[in-house]
Amino acid sequence: MIPTREFLEQHYEPKEIDTLSKLRIDLRDCTAKQQFDIGRAVLAKLWTNELEYLSKTTFIINKRSKVVLLKPNHAQVAFYRQVIQKCRDEKRPIRGILLKARQLGFCVSPDSKILT
């Protein structure tokens with residue numbers, strides 16, 4: 001679940017690297033479910049802001065076929081704040097229609113559910 005220290009050093013700050021490295025060692029004898037549950041809880045405490053959490057835990061493959069951390073662009077941050085946070089605050093389902101979605105940096109994963 002948690003990459004090697006060498007990989008972490010490419011993407012995170014020293015404090016985050018230490019925490020994640022310790023967590024990796026602590027979780028090595030746990031079952032996969034325990035690793036998932038404990039890991040998620042620690043990561044949520046490490047990055048309390050959801051947008052920061054997403055940008056620190058979501059990796060993408062860029063145009064050069066290199067694995068990099070997601071850096072949300074202006075449109076993605078605006079959508080998060082104006083739609084997702086608002087829906088969560090109002091305890092409503094999150095719904096959004098994005099015109100020209102790929103041009104704004106949004107894409108649909110193959111396993112997402114699309115309503116037609």
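FYI, side chains are in, hydrogens and waters are out, and symmetry mates aren't considered; it's all heavy atoms of this structure.
Between Q35 atom CD and L23 atom CG the span is 9.0 Å, to the nearest 0.5 Å. To the nearest 0.5 Å, atoms CD1 (I60) and NZ (K71) are separated by 9.5 Å. With rounding to the nearest 0.5 Å, the separation of CG in L70 from CG in L51 is 8.5 Å.
Of the possible donor and acceptor atoms, none in the side chain of T58 sits under 3.5 Å from a partner among the backbone N and O of S55.
Among residue pairs with one or both ends in residues 52-79, those qualifying as ring pair (Phe, Tyr, Trp, His ring centres under 6.0 Å) are F7-F59, H11-F59, F79-F106; sequence neighbours excluded. For residues 7-24, every residue pair satisfying the salt bridge (charged side-chain N to carboxylate O under 4.0 Å, His left out) rule, not counting sequence neighbours, is listed here: R5-E9, R5-D18, E16-K56. Applying the side-chain hydrogen bond (donor to acceptor under 3.5 Å, both in side chains) test to every pair with at least one member in residues 80-90, sequence neighbours left out, gives these pairs: E50-Y80, E50-R88, E90-R92.
When every heavy atom of T31 is checked against every heavy atom of Q34, the shortest pair comes out as N-OE1, 3.0 Å.
Clustering ILVMFWY residues whenever any of their side-chain heavy atoms sit less than 4.5 angstrom apart, transitively, puts L8 in a cluster other than the one holding V68. Note on I25: it does not cluster hydrophobically with I17, by side-chain heavy-atom contacts below 4.5 Å among ILVMFWY residues.
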Test side-chain contact (heavy atoms from CB on, under 4.5 Å) on V42 and L20 and set out the steps.
CA-CA 9 Å; V42 171; L20 293 171; 5.9 Å; no
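Looking at L54 and P72, their side chains never come closer than 4.5 Å, going by heavy atoms from C-beta outward.
The 12-atom threshold is not exceeded at CD1 of I61, counting heavy atoms of other residues, nucleotides or ligands nearer than 6.0 Å.
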